[in-house]
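No experiment lies behind these values; they were computed from the predicted model shown. Each ligand, and each atom within it, is numbered from 1 in the order the structure gives.
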Amino acid sequence: MSQTTTTAADANTRTARKDIAMLKPAKEFSAKAHIKSLAHYRKLYAESVANPDGFWGRQAETELVWDKPFKKVLQFKAPHAKWFLGGKLNVSANCLDKWLDTPHANKAAILWEGEPAAPGKPGEERTITYRQLHRDVCMFANVLKRHGIKKGDRVLIYLPMVPEAAVAMLACTRIGAVHSVVFGGFSAQSVADRVYDSQARMIITADGGFRRGSVVQLKKSVDEALAIKGADGTPLAKTIEKVIVLRRTQTDIHIQEGRDVWWHRELEYVSADCPATPMDSEAPLFILYTSGSTGKPKGILHTTAGYLLGAKLTSRYVFDLRDEDVYWCTADIGWVTGHSYVVYGPLANGATSLMYEGAPNWPEPDRFWKIIAKYRVTILYTAPTAIRAFMKWGDQWPKKHDLSSLRLLGSVGEPINPEAWMWYHEVIGGKRCPIVDTWWQTETGAIMITPLPGATPTKPGTATLPFFGIVPEIVDDAGKTLPNNSSGKLVIRKPWPSMLRGVWGDPKRFVETYWSEVKGSYFTGDGCHVDKDGYFWIIGRIDDVLNVAGHRIGTAEVESALASNPNVAEAAVVGRPDELKGQALVAFVTLKSGIKAHPELREELRQHVGKEIGPVAKPDDIRFADALPKTRSGKIMRRLLKQIASGVEIKGDTTTLEDLSVLAKLATAED
Ligand code: PRX
């Protein structure tokens, strides 16, 4: 376990603790909110942790539509939890069918704004009502069935941010297939690895997606992925029987007879009648791959009832969702935020969820503000990296648009520095919108630590207090709970319904990663400070995972991508604070003998990582070195590399370093 990474946000956070006072929710907001006061929150919270069976049982009964009622709320034998045992339900029925005989049927479920084809041109737009979405999902579920997809089969989804991504996800849940969405920015290699790990039978993709005026060639990546061979000489993705291709960009693509079929053609063969399959509460719902501290991403497994309950309840209370809201979470469907807060949470609440296909600064840096004004968005949920970028681009862009419809702002994915928080509050929120800084993870399925906007006084930089039923604590190395006003490892002491149920195909890794660091508790991998008021200030990852622009990137993954380049002998990747992205990736690379370092090689290596993992993992900085600092036992001294990467003076013990001269060379290494 490496030391706590100090980020720019962390440094800001510390100053904030002294300077910035609490901001109380406005009276007008609290009056209408679901949870109206801190006392109201504390009362419900106390009940939720004193009697979790009673609390969660009641929530599950009232919030979810069951085909068969559950018999028992929780069975927990650490680390294995089963929730709502004996019950049967269907996620798509809870998100769609539930609304059919209500006034919600003709309400917009999804508002979609496409990326403009060119500067000056409007983006395409679509409004899809609950009734239409239900029909689309039923038809596509029938397409899946037509191709032999059954309960429990894995289906990989590799699509741009188009409504069909939500349709594909919901169609899988309708028939009990397990989806695994892969972010459209990931490479062919990543697709192949994920197919191999999940043994998926089908890929759902598109001819392409639009991004900043160019086309991301998704189908081409799929073709490449299907051709990649493993160590035994057979294709990694040999389990794939069918590829369904959505027409989006009209790009010329290769269609392999017998394997590849067009989405729109398939719809001609199916009816719109597809009853939802009742699924066990604990049936696998989806797998989502995320980086960890080894070279191989892990497939986080979520199951049906608990996940849905978590996504639904948090959406309602954290975003204080009301019928008339136009809610916009800007996350891509490829990340957990897109799963829980673009698709499942909002739809389970009958809300209107806005989806946007493109980038925040295409064709101009006011894209978001234009969309907010156009749709009269009331709730915006985005990432600190985006907020910092908006700050840099200047106030003139939001000021051009009417943002008066906004009533609530959210932040997720990384620590938000108080400066960015204040800008968000003042310039975007017009000082009237509460900000919910929500801490959670792919593994937790739903928001865990967060203000409730009508109840919790906020301080810029802290995610504040736990959601109902969540028991976070900070502990020391021995696992002992630390008092307020100290920092430690963040753990969750009690099980919660939307917790991950495992790492796909790797039960050992599940136990080792999450349940071995602190016995009997879930270890988050984050460091955290709890202040005198009991507020949680997330410091950042304390394992070898970096958070670059809100994306989780395992250093080991980037290292193994670099090492797979024929020029590279060895690589070590560390983070350094970055004003915009929170953290940036710095790679220290030693080359094989006879290979000379030169600037083009640096770019080649960056491209190589892009090809192996995806553009998000490209190092910001590559430094060539003759050798890496190692202990006498041969371990790379990452602590020193972090200091070198951050340009700080090297402190601490270097006595275990094998060759001191390495350090001096690294500190000045350019090429
Ligand atoms: O380090 C924490 C950071 O993001 C990690 C989880 O990343 P991922 O699984 O990709 O999920 C991101 C979206 C939920 C956490 O371990 N993180 C997430 N939210 C916050 C945060 N750090 C500080 N403040 C947050 N609000």
Just checking, any donor-acceptor pair under 3.5 angstrom between side chains of [X] and [Y]?
X: Y514; Y: R509; answer: no
X: Y424; Y: T382; answer: no
X: R154; Y: S180; answer: no
X: R552; Y: S291; answer: no
X: E612; Y: S187; answer: no
X: T555; Y: D544; answer: no
X: T438; Y: Y381; answer: yes

Q | For ligand 1, the portion of I538 having any non-hydrogen atom under 4.0 Å away | A |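 The part of I538 near ligand 1 is the side chain, not the backbone.
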Q.
Applying a heavy-atom cut-off of 4.0 Å, say which part of Q441 lies close to ligand 1: side chain, backbone, both or neither.
A.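 Both the backbone and the side chain of Q441 come within reach of ligand 1.
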Which of the listed options, [options], holds the heavy atom that is closest to [atom]?
atom: atom 14 (C) of ligand 1; options: W440, W439, Y341; answer: W440
atom: atom 13 (C) of ligand 1; options: I553, T337, T444; answer: T337
atom: atom 2 (C) of ligand 1; options: T462, V436, D526; answer: D526

Are any of the N/O atoms in [X] less than 3.5 Å from those in ligand 1?
X: S411; value: no
X: T524; value: no
X: G413; value: yes
X: T290; value: no

(Q) Looking at ligand 1, would G525 count as a contact under a 4.0 Å heavy-atom criterion? (A)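 Checking ligand 1 against G525, which is what was asked, there is no heavy-atom contact under 4.0 Å.
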**Q.** A463 near ligand 1 by a heavy-atom separation under 4.0 Å
**A.**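 No heavy atom of A463 comes that close to ligand 1.
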What's the shortest distance from [atom] to any protein heavy atom, and which residue and atom give it?
atom: atom 7 (O) of ligand 1; result: R552 CD, 3.1 Å
atom: atom 9 (O) of ligand 1; result: T442 OG1, 2.6 Å
atom: atom 24 (N) of ligand 1; result: E414 O, 3.3 Å

Q) Is the NZ or CZ atom of K459 positioned over Y535's six-membered ring, under 6.0 angstrom from the centre and within 45° of the axis? A) yes
Q) With distance as the sole test, does S190 use its side chain to make a donor-acceptor pair with the main-chain N or O of F186 at under 3.5 Å? A) no
**Q.** Donor-acceptor pair, side chain of R576 and main chain of V574, under 3.5 angstrom
**A.**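 Pair absent, no side-chain N/O of R576 close to backbone of V574.
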(Q) Under 4.0 Å from a heavy atom of N547: which atoms of ligand 1 are those, numbered in the order shown and with their elements? (A) 3 (C), 4 (O)
Q.
Closer than 4.0 Å to some heavy atom of T438 - which atoms of ligand 1 meet that?
A. 19 (N), 20 (C), 25 (C), 26 (N)
